[in-house]
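Comments concern the structure below.
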Amino acid sequence: MIGRLTGRLVASLAMAVLALFALSSVSRAENPDKLRIAVILASGVESGWDGTLIESLERVKAAKPHGLELSWKYTDPLWGDDAGDAMRLFAESGQYDVIWAHSTYSDQVKKLKDEFPDILFVVTGSGNEGLGGNQYMLYKRVHEPAYLLGVIAGRMTKSNVLGTVGTFPADDVNDSINAFFAGARSVNPSIKEKVVFIESWYDPAKSAEYTHAQIATGADVIFQQTDNFKECEAAKIICFGSNQDQSSFSPTTIVSSTVIRWDPDIMHVVEAWWQHKVEGKPLAGSTERIWRGMKDGGAEMAPYHGFEATLPQEVKAEVEALKAKIISGEFKVPLDVSAPKPN
């Protein structure tokens, strides 16, 4: 009797173990192996803001978080109702897990997010509303590397006149311009500041016109945030790029650039989507601005490339020491989002 009971018990336990193994195998088999992203662009991959996103997506794809195969499709530049229509088409297709709207698109997302609760929507940059839920609001600041560029500019200028050509006087544009000038003033209190905005995210002709005007009135260093370096080349002055490593645009004039890295932001979104899809956790997008700086891998200063050999060694050493202090937290770059004003 005891032998039969023991045999039955062993058989029952074996069946239970097999059932658990089968359930575990099914669970593993059901884990997703693909993550599909639809990207709404504001200016096009030629601009630093949009171009750096695609570069970051490529790096995250190579890293294969959770073994996922990342793929994406991006649009031509879209705004307003056109952007909203594109988001709806992507959502209704059922082919995309994330809709990444890469600028100020929370008005459009607001009309769609509750209708498609399992799609993770992303908006980036200034002007967005923190909706929470399945909208993830990401922010980006590159004022820390901008401060470092300002230190170089303050050391290298001969006229003591520094110029900047910006897109719009938005929060996440103002911070970089103000930090650039603050860095320059920290090593050269005599500088004069010239500021102009082209009132467009991408307008090469207007950028050239405004850059020429700044050079004509004495600027011998330009912090160029509008992607056009032809006037710097013509005047044979040094410039700094913005948002991505732009050295290839003008190797003879661009000393360095501020660089956006979306890698940690993309990984944050991938992790939120994975936990929702696999572990059943609710999507819980931020309602406050979240930004990741140099210490978090969200921003950096581009290499000097052709200027590595010609930039004074003492300037490079000064910048490297300051960079280390920023990353360690020993030095905090002042965050000033007020509208920059010339002096």
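Just so you know, these numbers use all the heavy atoms, side chains as well, and skip hydrogens, waters and symmetry mates.
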Salt bridge (charged side-chain N to carboxylate O under 4.0 Å, His left out) between Lys316 and Glu308, worked out: CA-CA 9 Å; Lys316 291 190 291 186; Glu308 181 66 44; 3.0 Å; yes
Derivation of the side chain to side chain contact (heavy atoms under 4.5 Å, CB included) call for Asn128 and Tyr139: CA-CA 9 Å; Asn128 284 300; Tyr139 215 68; over 6 Å; no
Pairwise side-chain contact, Leu335 with His143, heavy-atom cut-off 4.5 Å (strictly under): yes
Hydrophobic cluster identity match, Ile152 and Ile177, side-chain contacts under 4.5 Å: yes
Enclosure of Lys277 NZ (heavy-atom neighbours >12, cutoff 6.0 Å): no
Stepwise salt bridge (charged side-chain N to carboxylate O under 4.0 Å, His left out) check, Lys110 with Glu129: CA-CA 9 Å; Lys110 185 185 292 188; Glu129 179 184 356; 2.9 Å; yes
Within-4.5 Å side-chain heavy-atom neighbours: Pro312 and Met156: yes
Any Ile326 side-chain heavy atom under 4.5 Å of Leu148 side chain: yes
Flag, side chain of Asn228 to backbone of Pro204, donor-acceptor distance under 3.5 Å: yes
Face-on cation placement of Lys61 at Trp72 ring, 6.0 Å and 45° thresholds: yes
N/O donor-acceptor pair under 3.5 Å between Glu279 side chain and Lys281 backbone: no
Whether over 12 other heavy atoms sit under 6.0 Å from Asn343 CG: yes
Side chain to side chain contact (heavy atoms under 4.5 Å, CB included) between Thr164 and Lys194, worked out: CA-CA 6 Å; Thr164 61; Lys194 291 187 175 295; over 6 Å; no
Rounded distance (nearest 0.5 Å) linking atom CD1 of Ile119 with atom CD of Glu92: 9.5 Å
Nearest-0.5 Å distance that lies between atom CG in Leu120 and atom CD1 in Ile99: 10.0 Å
Residues Asp336 and Ser338: side-chain donor-acceptor under 3.5 angstrom: yes
Heavy-atom side-chain proximity of Pro145 to Val259 below 4.5 angstrom: no
Asp245 side-chain N/O to Ser247 backbone N/O, donor-acceptor pair under 3.5 Å: yes
Backbone of Asp203 reached by a side-chain donor or acceptor of Ser207 within 3.5 Å: no
Test: Lys323 and Glu144 ion pair at under 4.0 Å: no
Note, Phe240 side chain near Ile254 side chain (heavy atom, < 4.5 Å): no
Glu288 atom CD: more than 12 heavy-atom contacts under 6.0 Å: no
Hydrophobic cluster identity match, Val45 and Trp100, side-chain contacts under 4.5 Å: yes
Ion pair check, Lys140 and Asp172, cut-off under 4.0 Å: no
Derivation of the side chain to side chain donor-acceptor pair (under 3.5 Å) call for Ser257 and Gln246: CA-CA 7 Å; Ser257 309; Gln246 296 185 316; 4.9 Å; no
Side-chain touch Ile37/Asp97, heavy atoms, less than 4.5 angstrom: no
Rounded distance [0.5 Å steps], OG1 in Thr287 versus CE in Met137: 6.5 Å
Check: Asp220 side chain, Lys158 main-chain N or O, donor-acceptor pair, under 3.5 Å: yes
Contacts of Asn188 that satisfy side chain to side chain donor-acceptor pair (under 3.5 Å) - sequence neighbours left out: Asn160
Any donor-acceptor N or O pair under 3.5 Å, side chains Asp118, His276: yes
Test item: side-chain donor near acceptor, Thr167 and Gln225, under 3.5 Å: no
Proximity of Trp79 and Tyr105 rings by center, below 6.0 Å: yes
With Tyr147 via ring-ring contact (aromatic ring centres under 6.0 Å, His included) - residues at least two apart: Phe331
Check: His102 ring centroid to Trp262 ring centroid under 6.0 Å: yes
Residues that Trp273 engages under ring-ring contact (aromatic ring centres under 6.0 Å, His included), provided they are two or more places apart: none
Test side chain to side chain contact (heavy atoms under 4.5 Å, CB included) applied to Ile238 and Cys232, step by step: CA-CA 7 Å; Ile238 62 173; Cys232 295; over 6 Å; no
Check: Ser56 side chain, Arg261 main-chain N or O, donor-acceptor pair, under 3.5 Å: no
Side-chain donor or acceptor of Gln275 paired with backbone N/O of Leu283 under 3.5 Å: no
Main-chain N/O of Leu41 paired with Thr75 side-chain donor or acceptor, under 3.5 Å: yes
Within one Ile-Leu-Val-Met-Phe-Trp-Tyr cluster: Val122 and Phe116, side-chain cutoff 4.5 Å: no
Any donor-acceptor N or O pair under 3.5 Å, side chains Thr226, Gln224: yes
Note: Glu314-Arg155 ion pair, threshold 4.0 Å (strictly below): no
Tyr96 reachable from Tyr74 in the ILVMFWY side-chain graph, under 4.5 Å edges: no
From CA spacing to verdict: salt bridge (charged side-chain N to carboxylate O under 4.0 Å, His left out), Arg185, Glu193: CA-CA 10 Å; Arg185 285 194 303 271; Glu193 306 166 8; 2.4 Å; yes
Worked check of side chain to side chain contact (heavy atoms under 4.5 Å, CB included) between Thr104 and Val123: CA-CA 6 Å; Thr104 309; Val123 294; over 6 Å; no
